[in-house]
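Step one of this worksheet: look at the structure below.
A, B, ... follow the sequence lines: proteins, then strands. Residue 1 opens every chain.
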There are 2 protein chains.
Amino acid sequence: MELSATAYVILGMVSWRPMSGYDIKQTVDGSTRFFWAASYSQIYAELHRLEQAGLLAAEPQPTGGRRRNLHRLTDDGRRALREWLEREPETFEMRDEALLKLFFASASPESARTTLEAKRRHHRALAERLEGMQRAGKASGYAAIVLGYGVECQRWMESWCERALAELPTGGGDPASDEVAA
Amino acid sequence: MELSATAYVILGMVSWRPMSGYDIKQTVDGSTRFFWAASYSQIYAELHRLEQAGLLAAEPQPTGGRRRNLHRLTDDGRRALREWLEREPETFEMRDEALLKLFFASASPESARTTLEAKRRHHRALAERLEGMQRAGKASGYAAIVLGYGVECQRWMESWCERALAELPTGGGDPASDEVAA
DNA sequence: GCGCGACATATCTGTCTGATATATCTCGCA
DNA sequence: TGCGAGATATATCAGACAGATATGTCGCGC
């Protein structure tokens with residue numbers, strides 16, 4: 001049974017406590033989102049698939065007229081989660097539009113500085129947000145380790161931008177001719 | 001005219017010299033791939049769209065019986081590229097399966113160590129590959145700056161893994177109880 | 001002259017995002 | 001009392017994107 005990594009995010013979240021799709025989305029947005037995001041469409045689709053596969057069990061818990069399905073892990077689900085944890089991680093991807101703009105900056109050299117400044121601001125803002133989560137003591141155990149990674153990583157990126165900015169030639173010039181040999 | 005960021009990768013590549021779709025894929029795989037990847041399906045689809053939009057011009061250059069379309073930037077295309085470079089970067093995303101596994105490691109605490117070791121190996125291997133590109137002198141100008149970022153970033157991640165490994169409790173235990181407050 | 005690997009284009013399936021639709025519930029406040 | 005804003009909750013669509021695969025040509029070594 002091949003599952004997407006997002007399916008395992010759901011299994012992992014539900015391993016803490018039974019959750020609705022909405023709960024899962026909120027928790028992902030407040031935690032794994034910075035290294036693994038998930039959208040509603042993905043979450044609800046996976047939830048149905050995982051129930052079909054017997055890894056999750058849903059029990060309807062309507063509050064008055066409002067629908068709500070609480071999903072909990074089955075024994076098979078817990079086993080699948082554990083097996084996934086013990087496999088080698090595969091996916092590591094970055095998508096950084098600022099780096100892309102810097103890469104092509106020779107087509108508009110004045111843009112290099114503003115792009116780097118925007119990237120620095122972005123990392124600083126995210127670092128501060130994550131530090132707020134640290135101070136709020138929202139994460140413990142492994143989650144706290146990963147949160148620490150997030151903070152330090154954003155701070156490293158922020159400081160790289162500062163260094164790069166300092167080394168950038170001032171006149172909006174091109175730091176030696178550009179391009180990558182094919 | 002709304003273009004995807006991948007469209008601008010294509011405009012940027014073609015701004016260096018006219019290229020075929022195949023050329024673009026090779027160049028992306030050897031350069032921007034680590035912060036902005038592109039697949040053939042995406043590239044050929046965008047190439048058609050950009051030509052429709054008048055930002056690229058294609059000239060057929062068959063070698064004997066082998067088809068080949070050389071794409072070059074039009075004046076509108078160069079203008080669009082410059083305008084994009086001067087806009088604020090928006091997308092910054094990471095997808096790191098190792099971090100995800102570490103996050104949920106309390107469901108299989110022995111996995112934390114092997115996950116971190118795999119992540120460390122991954123970053124080391126990528127760093128070495130990028131350092132090889134540096135030594136080969138394949139990048140100059142802004143591309144070299146971005147390559148330097150890649151190397152330093154991978155090395156930072158590698159060293160973070162080493163630090164985390166050193167701080168991990170030895171007996172496969174759980175570093176204080178887990179979970180994230182909703 | 002045959003086969004392998006590089007060159008070249010195209011397309012399919014499936015993952016995933018972001019926006020949007022729909023409906024209910026809660027709470028503050030007029 | 002009643003009403004509107006915002007939180008809760010599920011669902012779906014269009015489109016971006018990756019990865020695999022199909023199809024065919026070319027050059028080169030053996």
Would a line drawn from the ring center of B/Phe103 to the ring center of A/Trp16 be shorter than 6.0 Å? yes
Need the bend value for the helix from C/dG1-D/dC30 to C/dA30-D/dT1: angle between end axes, 5 pairs each end, nearest 10°. 10°
Check the pair A/Leu102 / B/Phe35 against side chain to side chain contact (heavy atoms under 4.5 Å, CB included), numbers first and verdict last. CA-CA 11 Å; A/Leu102 187 59; B/Phe35 51 92; over 6 Å; no
Could you tell me how far apart B/Ile24 (CD1) and C/dC7 (P) are, to the nearest whole angstrom? 15 Å
Could you state the atom-to-atom distance from CD of A/Gln26 to P of D/dT8 in whole Å? 6 Å
To the nearest Å, give me how far apart CD (A/Glu46) and P (D/dA11) are. 14 Å
Does any non-hydrogen side-chain atom of A/Pro60 lie less than 4.5 Å from one of A/Arg67? no
Residue-phosphate contact under 4.0 Å: B/His48 side-chain N/O, C/dT9 OP1/OP2: no
Expressed as a whole number of angstroms, how long is the span from B/Leu47:CG to C/dT11:C1'? 15 Å
Which of B/Gln154, B/Glu158, B/Glu128 passes side chain to side chain donor-acceptor pair (under 3.5 Å) with B/His123? It is B/Gln154
Atom CD1 of B/Ile43 and atom P of D/dG19 are separated, to the nearest Å, by 12 Å
Could you walk me through whether B/Lys119 and A/Tyr149 pass side chain to side chain contact (heavy atoms under 4.5 Å, CB included), step by step? CA-CA 13 Å; B/Lys119 180 169 164 67; A/Tyr149 179 93; 3.1 Å; yes
Under 3.5 Å, side-chain donor or acceptor atoms of residues 161-168 of chain A against the rest of the protein: list the pairs with distances, not counting sequence neighbours.
residue, atom, partner, partner atom, Å
A/Arg163, NH1, B/Glu152, OE1, 3.0
A/Arg163, NH2, A/Ser159, OG, 3.4

Compare side-chain N and O positions of B/Ser20 against OP1 and OP2 of C/dC7 and report whether any pair is under 4.0 Å apart. no
Determine: side-chain N/O of B/Tyr22 to OP1/OP2 of C/dT9, distance under 4.0 Å, yes or no. no
Just how far, in rounded Å, is P of D/dC17 from CG of B/Leu3? 11 Å
Would the B/Trp36 and B/Phe92 ring centres measure less than 6.0 Å apart? no
Nucleotide-resolved protein contact map, nucleotides 17-27 of chain C, B/S/- at heavy-atom distance under 4.0 Å: BB-----BS--
Does D/dA11 have OP1 or OP2 under 4.0 Å away from a side-chain N or O of A/Tyr44? no
Want to settle it: does A/Arg49 or B/His71 sit nearer the 5' end of DNA chain C, counting the closest nucleotide to each? B/His71
Are the side chains of A/Leu50 and A/His48 in contact, using a 4.5 Å heavy-atom criterion? no
Please report the distance, rounded to the nearest Å, between CZ in B/Phe35 and C1' in D/dC17. 17 Å
Take atom CG of B/Leu50 and atom P of D/dA16, then tell me their distance rounded to the nearest Å. 12 Å
Cationic N near anionic O, under 4.0 Å, B/Asp23 to B/Arg17: no
